[in-house]
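Keep in mind that the numbers below use all heavy atoms, side chains included, and drop hydrogens, waters and symmetry copies.
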Amino acid sequence: MEAWRCMRRGYGRCVVGRGRYPMFSHHPRSLGRDWTTPWENLQRCCWNRHISSCMRWPGHYSRAPYPYFSSRHFSLNWRPPCLSESRTPFQYCSWRPDSLSQTSLIHLSSYVMNSEGDEPSSKRRKHQGMITRNWEYICNHNKEKTKIVGDKNTEPHCEDSENQFDFSVMSYNILSQDLLEDNSHLYRHCRRPVLHWSFRFPNILKEIKHFDADVLCLQEVQEDHYGTEIRPSLESLGYHCEYKMRTGRKPDGCAICFKHSKFSLLSVNPVEFYRPGIPLLDRDNVGLVLLLQPKIPCAASPAICVANTHLLYNPRRGDIKLTQLAMLLAEISSVAHQKDGSFCPIVMCGDFNSVPGSPLYSFIKEGKLNYEGLAIGKVSGQEQSSRGQRILSIPIWPPNLGISQNCVYEGQQVPKVEKTDCDLTQTQPEKTEALVTAEKLSSSLQHHFSLSSVYSHYLPDSGIPEVTTCHSRSARTVDYIFYSAEKEAVTGHQGTEVALVGGLKLLARLSLLTEQDLWTVNGLPNENNSSDHLPLLAKFRLEL
């Protein structure tokens with residue numbers, strides 16, 4: 001027969017027993033390094049929110065710098081011996097009554113315990129240290145040649161004038177504490193103290209203050225932390241903050257923050273990807289689109305559209321990811337559309353949960369995708385095998401969503417973009433999307449923006465992939481900053497296109513790292529970098 005125990009605020013209550021009795025005479029941290037005692041199954045253990053979310057069950061790793069628990073079975077007549085009444089810490093003690101099996105143990109470890117033994121053997125700490133990321137200048141010498149020059153260790157400065165407007169953008173998945181604790185197996189390589197929010201947030205804020213970007217696009221922003229710490233801290237630094245929480249009971253969301261001194265707010269447009277009545281769209285991801293007006297004296301400038309999102313993670317549900325992306329693009333099209341039929345400059349940031357070269361990534365950059373015969377699990381490039389996967393349906397989403405295959409809202413007048421072999425664009429008037437019935441049966445998706453990626457995704461000399469996220473399970477690129485610009489292909493590695501004429505010009509970017517680079521400092525998070533993602537940072541110029 002089994003029993004379970006509920007622990008709350010230092011008291012235990014046994015279902016088969018009577019009454020309550022104190023378990024700890026003082027906080028478990030004072031117990032020292034380790035203690036072990038028999039116990040019964042605690043998988044339904046419940047402390048307050050912060051403690052219960054940090055439990056570790058057999059085969060799992062601790063989610064945060066709190067005690068962890070594991071057990072099997074024990075005699076119902078057994079009760080734990082009373083801990084010492086004195087407050088003298090002790091290093092280790094164990095009880096093992098004859099009636100108990102050797103596996104029936106509850107193991108508490110204080111957060112100062114060295115967890116190096118829990119780290120994967122291939123990824124154990126080499127040394128402590130700080131990763132170095134350099135500024136890479138992007139300079140245009142002529143239309144035929146574009147290269148990176150300049151002092152990489154010097155941060156470039158944005159300077160405005162009557163003919164140009166320079167600004168910087170940071171995209172950063174800051175890792176929600178709740179998600180960290182719910183996915184503790186991804187952080188088994190970490191020392192427990194670095195996973196605590198009280199340790200992580202000062203590091204994250206320090207990074208934001210250091211880079212001092214004009215626009216911040218943040219993902220996995222936990223609502224309670226946003227209200228009590230993140231927003232007040234950013235407002236004290238001169239930012240105006242807008243936030244969209246995920247739908248359902250998900251406690252995190254996306255935020256866009258911008259400097260008062262650089263922009264004024266024209267509109268705020270949240271996007272909810274969950275749609276009741278549409279089975280495909282039953283996930284709680286969101287996006288946020290802002291229209292910002294640059295503050296430039298004595299000069300008129302177009303508005304700038306800034307979008308931020310965090311697409312669904314599930315590698316096997318590429319149909320949902322593509323639909324969420326189409327919904328975001330439709331909102332951007334509506335917000336960025338100008339009276340003359342063109343679009344204002346666009347910056348689209350976020351965690352797209354797709355790798356470079358994947359169909360979803362290629363669709364963003366190339367503006368078109370023929371998905372006929374494409375396996376759902378191949379859309380994001382995260383799945384290695386397509387065995388047993390169904391093929392994307394045609395069309396992917398139902399007509400009642402109100403979004404066409406051109407990723408605009410039904411009935412919206414938009415220019416049609418046609419691409420030639422030379423990658424030139426021509427604008428032609430197009431009839432209302434709702435009238436083009438044949439298009440709804442097409443297996444081709446299109447959008448009307450010319451988008452480039454800030455990063456090349458590969459080291460120029462070796463071709464080794466850059467990564468934006470690194471934890472115990474994987475290291476890859478899933479985070480991006482896309483921007484609207486006329487593009488010219490540059491011979492070399494994928495993603496090396498840069499702005500040459502029109503749109504936004506990329507001035508500089510903060511370099512990314514390889515997986516090997518990150519494991520020299522024990523991966524992410526670590527003592528100096530408190531998310532499992534790296535912040536992306538770019539400097540742009542808008543010619544007036």
N/O donor-acceptor pair under 3.5 Å between [X] side chain and [Y] backbone:
X	Y	answer
His447	Phe363	yes
Lys505	Ala485	no
Thr228	Asp224	yes
Ser171	Ile481	no
Ser462	Leu459	no
Asn269	Val289	yes
Thr477	Glu466	yes
Thr323	Ile396	no
Asn183	Leu179	yes
Ser484	Ile346	yes

Side chains of [X] and [Y], heavy atoms from C-beta outward: is any pair under 4.5 Å?
X	Y	answer
Leu360	Leu325	yes
Leu180	Leu195	yes
Cys349	Val169	yes
Leu401	Ile278	yes
Leu288	Thr309	no
Asn522	His189	yes
Phe449	Ser333	yes

**Q.** Contacts of type salt bridge (charged side-chain N to carboxylate O under 4.0 Å, His left out), residue Asp252, not counting sequence neighbours
**A.**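 With sequence neighbours excluded, Asp252 shows a salt bridge (charged side-chain N to carboxylate O under 4.0 Å, His left out) to Arg246, given in chain and number order.
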Q: State which residues pass salt bridge (charged side-chain N to carboxylate O under 4.0 Å, His left out) with Arg283; sequence neighbours excluded, sorted by chain then number.
A: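 Per chain and number, Arg283 pairs via salt bridge (charged side-chain N to carboxylate O under 4.0 Å, His left out) with no residue.
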(Q) Looking only at the aromatic ring of each residue, does the gap between the centers of His457 and Tyr455 stay below 6.0 angstrom? (A)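 Centroid separation for Tyr455 and His457: 6.0 Å or greater.
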(Q) Taking the ring of Phe258 and the ring of Tyr239, is the distance between their centroids below 6.0 Å? (A)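 No, they do not, as the ring centres are separated by 6.0 Å or more.
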Q) Taking the six-membered ring for Trp, are His337 and Phe343 parallel (under 30°), tilted (30 to 60°) or perpendicular (over 60°)? A)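 Ring orientation, 0 to 90° scale: perpendicular.
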Q. Tyr480 vs Phe482 aromatic rings, parallel, tilted or perpendicular, using cut-offs 30° and 60°?
A.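 Aromatic pair Tyr480/Phe482 classed parallel.
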Decide whether [X] and [Y] meet the rule of one side-chain donor and one side-chain acceptor closer than 3.5 Å.
X	Y	value
Gln293	Ser301	yes
Tyr187	Asp532	yes
Ser342	Asp340	yes
Gln219	Asp351	no
Glu242	His240	yes

Could you grab the distance from atom [atom1] of [X] to atom [atom2] of [Y], nearest 0.5 Å is fine?
X	Y	atom1	atom2	answer
Ser511	Leu534	OG	CG	9.5 Å
His471	Cys190	NE2	SG	10.5 Å
Glu136	Lys539	CD	NZ	14.0 Å
Ile256	Leu292	CD1	CG	7.5 Å
Leu322	Leu312	CG	CG	11.5 Å
Ile208	Ile230	CD1	CD1	8.0 Å

Minimal non-hydrogen separation, [X] against [Y], with atom names:
X	Y	value
Ser380	Pro315	OG-O, 3.8 Å
Phe199	Asn526	CE2-O, 4.3 Å
Gln177	Gln222	N-OE1, 3.1 Å
Glu207	Pro535	OE2-CG, 3.7 Å
Val379	Leu374	CG2-CD2, 3.8 Å
Cys305	Ala336	CB-CB, 4.0 Å

Q: Check step by step if side chain to side chain contact (heavy atoms under 4.5 Å, CB included) holds for Leu369 and Ser362.
A: CA-CA 8 Å; Leu369 173 66; Ser362 298; 5.9 Å; no
Q: Mind running side chain to side chain contact (heavy atoms under 4.5 Å, CB included) on Tyr483 and Leu451 for me, showing each step along the way?
A: CA-CA 5 Å; Tyr483 64 102; Leu451 297 175; 5.9 Å; no
(Q) Check this for me: Gln338, atom CD, are more than 12 non-hydrogen atoms of other residues, nucleotides or ligands nearer than 6.0 Å? (A)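 Buried by this count: over 12 neighbours within 6.0 Å.
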(Q) Quick one, Glu527 with Arg191, criterion salt bridge (Lys or Arg N to Asp or Glu O under 4.0 Å). Give me CA distance, side-chain angles, the key distance, then yes/no. (A) CA-CA 9 Å; Glu527 281 77 3; Arg191 298 180 187 272; 3.7 Å; yes
Q: Name all pairs fulfilling the salt bridge (Lys or Arg N to Asp or Glu O under 4.0 Å) condition that reach into residues 303-332, sequence neighbours left out, sorted by first residue then second.
A: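 Sorted pair list: Arg316-Glu383, Arg317-Asp319, Asp319-Arg390.
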Q: Scan Glu543, Lys262, Arg541 and name whichever one has a side chain to side chain contact (heavy atoms under 4.5 Å, CB included) with Phe165.
A: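 The passing option is Lys262.
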Q) Between Tyr137 and Leu507, does a side chain to side chain contact (heavy atoms under 4.5 Å, CB included) hold up when you go through it step by step? A) CA-CA 6 Å; Tyr137 294 131; Leu507 301 179; over 6 Å; no
**Q.** side chain to side chain contact (heavy atoms under 4.5 Å, CB included) between Tyr172 and Leu216, worked out
**A.** CA-CA 8 Å; Tyr172 195 6; Leu216 303 175; over 6 Å; no
Q. For Phe273, what residues pass the ring pair (Phe, Tyr, Trp, His ring centres under 6.0 Å) criterion, not counting sequence neighbours?
A.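 Partners of Phe273 by the ring pair (Phe, Tyr, Trp, His ring centres under 6.0 Å) criterion come out as none, since no residue qualifies.
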(Q) Checking Phe201 now: which residues fulfil ring pair (Phe, Tyr, Trp, His ring centres under 6.0 Å) with it, not counting sequence neighbours? (A)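 Phe201: ring pair (Phe, Tyr, Trp, His ring centres under 6.0 Å) contacts with Trp197.
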Q | Contacts of Asp479 that satisfy side-chain hydrogen bond (donor to acceptor under 3.5 Å, both in side chains) - sequence neighbours left out | A |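 Partners of Asp479 by the side-chain hydrogen bond (donor to acceptor under 3.5 Å, both in side chains) criterion, ordered by chain and then number, come out as Thr468, His533.
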Q | Residue from Asp178, Asp284, Asp182 passing salt bridge (charged side-chain N to carboxylate O under 4.0 Å, His left out) with Lys250 | A |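 The passing option is Asp284.
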(Q) Salt bridge or not between Asp212 and Lys259? Use side-chain N to carboxylate O under 4.0 Å. (A)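 The answer is yes: the pair qualifies as a salt bridge.
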